[in-house]
J.: 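Sending over a structure as structure tokens; questions will come in a sec.
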Amino acid sequence: MSRKSSENQAFSLKIISWYKANPRELPWRGTTDPYKIWLSEIILQQTRVAQGLPYYYAFSETYPTVKDLALAPESEVLRLWQGLGYYSRARNLHSCAKFIWYELGGIFPNTYSELLKLKGVGSYTAAAISSFAFGEVKAVVDGNVFRVLARYFGIDTDIASGKAKIEFETLANKLIPNENPGEYNQAIMDFGARLCVPKNPDCPKCPLKETCFAYQKNLVKDLPVKINKTKVKERNLHYYVIRCGENWVWKKRKSGDIWEGLHDFPHSEGEPAPYLGISEEKPRLIPKKYRHILSHQRLNASFSELEIPLEKHQELSKWCENEGYLLVAENEIEYLAKPKLIVNFLTDQGI
DNA sequence: AACCCGGGGCT
DNA sequence: AGCCCAGGGTT
């Protein structure tokens with residue numbers, strides 16, 4: 001690694017100095033266990049610390065080691081992840097744990113390039129684990145780092161572009177010191193999360209304001225540049241809550257749509273169906289409508305109930321098998337991983 | 001390069 | 001309502 005320029009050293013020294021006076025106390029700090037660090041980093045992807053914390057405690061207590069996670073059934077892992085979102089993270093987490101336990105003899109990969117091969121581990125997460133756990137000099141570039149560097153150095157490249165990813169990672173790797181690289185990575189992220197915040201940062205309190213491009217040019221509001229082109233899709237979902245005695249009809253969601261691997265009910269999109277294949281009876285519409293907002297979809301959901309008489313249990317069972325549905329006893333529902341929308345519905349139903 | 005994948009909190 | 005959050009995978 002080449003020697004850092006004095007300007008770069010001044011930047012990193014001020015960031016570290018600020019951090020030492022203003023550290024966040026977080027449960028995964030102070031450990032060098034790559035498993036715990038990996039766990040925290042996956043949980044925190046696109047997730048605020050405050051939202052991820054309870055999940056970190058739950059996972060690190062339920063699965064203290066990579067072996068414990070590897071030996072758990074995926075259904076249990078997804079259930080523990082319930083409510084956190086981006087569920088592919090949980091599936092990849094579990095898949096990696098099995099890979100590390102069964103294929104790598106339980107030895108966690110210990111370099112940036114080996115970590116990068118793990119499912120769900122990209123350049124940010126590989127840099128975080130390799131620097132925090134193994135002291136490798138690899139700079140993290142997350143949303144905080146994009147913002148801090150764009151403002152301080154006056155970079156107006158669209159941070160959503162692939163070009164920016166390369167540009168900012170190259171710059172970040174010139175700034176990171178060879179001594180205590182993990183501490184520097186923690187420092188710049190805390191600095192972005194607590195001082196150089198997206199809206200209305202308290203620049204007068206900033207130790208870097210004298211040499212900050214954006215502050216000196218009055219461009220703090222304009223940096224970083226992010227061109228957002230995600231279009232939100234509106235969807236109308238109609239769910240059928242089919243019960244036969246104590247048994248409910250459930251569906252495990254497949255790939256190609258939201259909530260893969262989670263459980264909801266048989267449903268149609270668009271207009272509710274007047275009758276279902278299993279009964280001549282008309283489903284009874286529940287008046288309450290549910291609006292559920294995702295980052296890329298707005299869901300309008302309604303629910304209808306249908307009670308199947310006990311005599312038809314055999315026929316219902318056959319129907320579920322043909323349609324790929326599951327019959328689940330009411331007291332087992334709590335163990336299914338479900339999207340928040342469905343949890344909200346069940347709560348309203350007193351389940 | 002463009003698109004997809006959750007849920008929550010702040011402005 | 002829009003933006004952002006210790007991003008990554010797929011096409």
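Chain identifiers are assigned alphabetically (A, B, ...) following the order of the sequence lines, protein sequences preceding nucleic acid strands; residue numbering begins at 1 within each chain.
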J.: Please check this pair: side chain of A/R291 against backbone of A/R298, looking for a donor-acceptor N/O pair closer than 3.5 Å.
T.: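 No, A/R291 side chain to A/R298 backbone: no donor-acceptor pair under 3.5 Å.
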
J.: Is a donor-acceptor contact shorter than 3.5 angstrom present between the side chain of A/S123 and the base of C/dG8?
T.: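 It does not, because no donor-acceptor pair links the side chain of A/S123 to the base of C/dG8 below 3.5 Å.
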
J.: Identify the residue among A/K252, A/K254, A/R91 that makes a side-chain hydrogen bond (donor to acceptor under 3.5 Å, both in side chains) with A/E260.
T.: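 That would be A/R91.
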
J.: At under 4.0 Å, does any side-chain N or O of A/W81 touch on OP1 or OP2 of B/dC5?
T.: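 So the side-chain polar atoms of A/W81 never come under 4.0 Å of the phosphate oxygens OP1 or OP2 of B/dC5.
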
J.: Assess whether one donor atom and one acceptor atom, taken from the side chain of A/R89 and the base of C/dA6, lie less than 3.5 Å apart.
T.: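 Side chain to base: no pair below 3.5 Å.
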
J.: Between A/R48 and A/L116, name the one whose nearest nucleotide on DNA chain C is closer to the 5' end.
T.: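 In this pair, the answer is A/R48.
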
J.: Report yes if at least one side-chain N or O of A/H296 is closer than 4.0 Å to OP1 or OP2 of B/dC4; otherwise report no.
T.: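 It does not, given that no N or O in the side chain of A/H296 lies less than 4.0 Å from OP1 or OP2 of B/dC4.
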
J.: Any idea how A/F345 and A/F265 line up, ring-wise: parallel (<30°), tilted (30 to 60°), or perpendicular (>60°)?
T.: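 Answer is perpendicular, since the angle exceeds 60°.
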
J.: Measure distances between side-chain N and O atoms of A/R298 and base N and O atoms of C/dA1, and say whether any donor-acceptor pair falls under 3.5 Å.
T.: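 Side chain to base: no pair below 3.5 Å.
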
J.: Expressed as a whole number of angstroms, how long is the span from A/F132:CZ to C/dA6:P?
T.: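 After rounding, the reported distance stands at 12 Å.
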
J.: Is any side-chain N or O of A/T47 closer than 4.0 Å to OP1 or OP2 of B/dG8?
T.: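 No, A/T47 has no side-chain N/O under 4.0 Å of OP1/OP2 on B/dG8.
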
J.: Taking only the P atom of each, what is the distance from C/dA6 to B/dT11 in whole angstrom?
T.: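 The same atom, P, in both gives a distance of 14 Å.
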
J.: Mapping A/R29 and A/G120 to their closest nucleotides on DNA chain C, which lands nearer the 5' end?
T.: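 The residue mapped nearer the 5' terminus is A/R29.
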
J.: Quick one: the side chain of A/S295 and the base of B/dG6, do they pair up donor-acceptor inside 3.5 Å?
T.: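 It does, because a donor-acceptor pair links the side chain of A/S295 to the base of B/dG6 below 3.5 Å.
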
J.: What integer distance in Å separates A/K221:NZ from C/dG2:P?
T.: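 The answer, rounded to whole Å, is 21 Å.
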
J.: So, is A/Y87 near the phosphate of B/dG7, with a side-chain N or O under 4.0 Å from OP1 or OP2?
T.: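 Yes.
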
J.: Taking the C1' atom of each, how far is C/dC5 from B/dG6, in whole Å?
T.: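 Per the computed distance, 12 Å lies between those C1' atoms.
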
J.: Looking at A/R147, I'd like to know whether one of its side-chain N or O atoms comes within less than 4.0 Å of OP1 or OP2 on C/dC4.
T.: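 No, outside the criterion.
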
J.: Specify the separation, in whole Å, of atom CD1 of A/I159 and atom C1' of C/dC5.
T.: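 So the CD1-C1' distance, A/I159 to C/dC5, works out to 12 Å.
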
J.: Between atom CD1 in A/I43 and atom C1' in C/dA6, what is the gap in whole Å?
T.: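 The answer, rounded to whole Å, is 12 Å.
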
J.: Quick test of your reading of the model: are A/K288 and A/D348 salt-bridged, counting only N-O distances below 4.0 Å?
T.: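 Yes, charged N to carboxylate O under 4.0 Å.
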
J.: Check the orientation of A/F153 and A/F11. Use parallel for under 30°, tilted for 30 to 60°, and perpendicular for over 60°.
T.: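 If you compare the ring of A/F153 with that of A/F11, the planes turn out tilted.
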
J.: By nearest heavy atom, map A/G162 and A/E260 onto DNA chain B; which one lands nearer the 5' end?
T.: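 That would be A/G162.
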
J.: Would you kindly check whether a donor in the side chain of A/Q45 faces an acceptor in the base of C/dG8, or vice versa, at under 3.5 angstrom?
T.: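 Side chain to base: no pair present.
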
J.: Using a cut-off of strictly less than 4.0 Å, decide whether A/K231 has a side-chain nitrogen or oxygen near OP1 or OP2 of B/dC3.
T.: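 Yes.
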
J.: Is there a side-chain polar atom (N or O) of A/Q297 under 4.0 Å from OP1 or OP2 of B/dC5?
T.: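 True: A/Q297 side-chain N/O within range (under 4.0 Å) of B/dC5 OP1/OP2.
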
